Q: 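Submitted below is the structure of interest, expressed as structure tokens.
Since this is a predicted model, take the numbers as computed values, not measurements. Start at 1 with the first residue, then count along the sequence.
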Amino acid sequence: MRECASCGRDLPRSSYTANQYSKPNGISRCAACVHGHPADIPLAGNSDSGRYNKSTSASFDQDDVDNPFSDGAFRWVAKGTYNSGPRIGQACVAKWFKTGAVFETDYFTLDIKAVDKALEIVNTFNELNIVSKTVKINVPAVGIWQSGKSVGQYMLIEPFIKNYQKFNSNTGWSDESMLWGKVMQALSHFSYHLTRGQFVLCDLQGGIYQSSVILSDPVILSRNGEYGVTDLGPRGISSFFSQHECNNFCRSHWTKPANPVAHFRAVAGTTMMRHSVPTHNSRPNRTFHYS
């Protein structure tokens with residue numbers, strides 16, 4: 001923990017940029033103070049924007065697995081129920097690759113890596129208190145099917161989200177017809193500013209709740225394409241900002257690319273590129289067994 005020289009809060013290392021944390025105690029300032037706006041009053045205390053499974057087991061009806069209620073570009077989504085831990089009896093979802101979508105298990109690791117980076121960004125965004133509600137992110141765990149047609153196959157499991165909708169994509173498409181769509185665009189813009197142009201948090205989708213908006217499957221665009229098949233790299237960052245128009249939730253001092261160019265067509269769906277990914281663990285971190 002370190003005390004911010006500006007706001008006086010004791011904060012973890014994750015609340016500081018690398019540049020500020022390298023400065024001595026009594027001089028370093030937290031990201032909320034460095035990147036804030038005069039009208040933004042930082043929240044008291046630390047922010048944890050994760051929404052966790054809090055369970056190591058869940059069950060799924062075979063009919064729900066055989067007939068998934070939703071699907072994405074390359075994954076099926078089935079609804080189940082937690083049967084252990086604080087979330088026992090609550091709804092969850094499993095996401096697994098469709099037949100023919102052959103990816104290394106490392107791509108699950110990269111999904112979790114993207115969520116971890118998204119949490120860093122959203123924690124700081126929440127601390128700025130730009131909006132009155134909190135942005136949360138579902139934090140998935142990697143599971144292994146123990147029965148049925150998909151036995152032995154990896155999948156991601158996370159809490160169920162009601163009233164699911166999409167706010168923007170990883171190519172610059174956005175739906176700003178409602179207020180939260182504008183907030184999500186500002187969050188994506190802020191992610192570029194906070195990381196000094198290294199990353200953009202986008203493809204934001206989820207559900208709006210009474211006190212928060214809960215997101216799932218965030219995409220990180222990076223300068224070197226290190227976040228998997230949905231990371232479109234520097235051309236993706238340029239494409240995103242070629243479509244972005246600042247709104248009332250953006251701040252005038254937030255940086256953005258000069259002369260961005262659209263390398264990808266702006267579409268609502270998630271655009272993917274295959275990257276060469278090094279193989280590490282055959283069993284990804286946060287792996288549990290589900291039936």
Side-chain angles (χ1 to χ4, degrees), residues 48-116 118-119 122 134-167 203-219 228-230 269-270 272 281-291:
D48 182 0
S49 306
R51 185 180 184 231
Y52 302 90
N53 284 294
K54 298 180 180 179
S55 175
T56 57
S57 61
S59 58
F60 299 83
D61 289 341
Q62 191 58 50
D63 185 60
D64 291 332
V65 176
D66 292 340
N67 301 283
F69 77 93
S70 182
D71 67 306
F74 59 102
R75 285 180 183 156
W76 297 112
V77 184
K79 191 175 180 181
T81 305
Y82 291 114
N83 52 28
S84 69
R87 288 195 182 277
I88 188 169
Q90 295 182 19
C92 62
V93 294
K95 302 175 182 180
W96 70 102
F97 287 123
K98 296 179 178 179
T99 301
V102 181
F103 297 99
E104 299 289 342
T105 56
D106 281 283
Y107 284 115
F108 285 110
T109 303
L110 291 173
D111 278 336
I112 292 176
K113 180 181 177 181
V115 169
D116 288 343
L119 283 172
V122 171
T134 303
V135 180
K136 307 281 280 186
I137 299 179
N138 265 2
V139 180
V142 179
I144 302 175
W145 289 111
Q146 297 298 295
S147 61
K149 297 178 182 178
S150 301
V151 63
Q153 187 174 348
Y154 286 99
M155 49 90 163
L156 291 175
I157 186 167
E158 63 185 54
F160 178 73
I161 296 176
K162 298 178 182 179
N163 305 316
Y164 206 87
Q165 58 190 290
K166 191 154 189 174
F167 303 106
D203 212 48
L204 301 177
Q205 54 199 304
I208 300 171
Y209 287 70
Q210 185 173 357
S211 60
S212 63
V213 60
I214 300 173
L215 304 177
S216 179
D217 295 332
V219 166
V229 294
T230 57
T270 305
M272 294 175 290
N281 301 323
S282 60
R283 178 184 172 92
N285 292 331
R286 303 184 201 166
T287 304
F288 303 100
H289 297 267
Y290 298 94
S291 58

Q: Before you tell me yes or no, could you show the steps for Y164 and V77 under side-chain contact (heavy atoms from CB on, under 4.5 Å), namely the whole-Å CA-CA distance, both residues' side-chain angles and the distance that decides it to 0.1 Å?
A: CA-CA 13 Å; Y164 206 87; V77 184; over 6 Å; no
Q: What is the minimum heavy-atom distance between T56 and S84, and which atoms define it?
A: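 Shortest heavy-atom contact: N-OG, 3.4 Å.
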Q: Going by atom types only, do T270 and K166 share a side-chain donor-acceptor pair under 3.5 Å?
A: yes
Q: State the CD-CH2 distance between Q153 and W96, to the nearest 0.5 angstrom.
A: 8.5 Å
Q: Which heavy atom in G206 sits nearest to a heavy atom in I161, and how many Å separate them?
A: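 For G206 and I161, the tightest heavy-atom pair comes out as C-CG2, 3.8 Å.
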Q: Taking all non-hydrogen atoms of both residues, which atom of A78 and which atom of V65 are closest, and how far apart?
A: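 The pair with the smallest heavy-atom distance is CB-CA, 4.2 Å.
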Q: Atom CD1 of I157 and atom CD1 of I144: how far apart are they, to the nearest 0.5 Å?
A: 12.5 Å
Q: Within the 4.5 Å heavy-atom criterion, are V142 and L156 side-chain neighbours or not?
A: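 Side chain of V142 against side chain of L156, heavy atoms only: contact under 4.5 Å found.
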Q: Evaluate side-chain contact (heavy atoms from CB on, under 4.5 Å) for N163 paired with I208, printing each intermediate quantity in order.
A: CA-CA 7 Å; N163 305 316; I208 300 171; over 6 Å; no
Q: Tell me, with the steps shown, if R87 and Y52 meet side-chain contact (heavy atoms from CB on, under 4.5 Å).
A: CA-CA 9 Å; R87 288 195 182 277; Y52 302 90; 5.7 Å; no
Q: On a heavy-atom basis, which atom in L119 and which in S49 lie closest, and how many Å separate them?
A: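 Shortest heavy-atom contact: CD2-C, 3.7 Å.
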Q: Report the residue from R51, K95, Q205 that forms a side-chain hydrogen bond (donor to acceptor under 3.5 Å, both in side chains) with S216.
A: K95
Q: Do N53 and P159 have side-chain heavy atoms sitting under 4.5 Å apart?
A: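 N53 vs P159: side chains touch.
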Q: Determine the minimum heavy-atom distance between W145 and F60, stating which atoms define it.
A: CZ3-CD1, 3.6 Å
Q: Is a donor on one side and an acceptor on the other found under 3.5 Å between the side chain of D48 and the backbone of G50?
A: yes
Q: Give me each pair satisfying salt bridge (charged side-chain N to carboxylate O under 4.0 Å, His left out) with a member in residues 52-65, each pair once, sequence neighbours excluded.
A: none
Q: Enter the distance from S59:OG to Y82:OH here, rounded to the nearest 0.5 Å.
A: 11.5 Å
Q: With rounding to the nearest 0.5 Å, note down the distance linking CG in N83 to CD1 in I88.
A: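 Here the interatomic distance stands at 6.5 Å.
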Q: If you take all heavy atoms of A118 and P218, which pair is closest and at what distance?
A: CB-CG, 3.9 Å
Q: Taking side chain as C-beta onward, heavy atoms only, is D217 less than 4.5 Å from D203?
A: no
Q: Nearest 0.5 Å, please: how far is OG1 in T81 from CZ in F160?
A: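 It comes to 11.0 Å.
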Q: Would you find a donor on one side and an acceptor on the other, under 3.5 Å apart, between the side chain of R75 and the backbone of M155?
A: no
Q: Go through it in stages, so that I can follow the logic: the residues are V139 and E158, the test is side-chain contact (heavy atoms from CB on, under 4.5 Å), and I'd like the CA-CA distance, side-chain angles, deciding distance and then a yes or no.
A: CA-CA 7 Å; V139 180; E158 63 185 54; over 6 Å; no
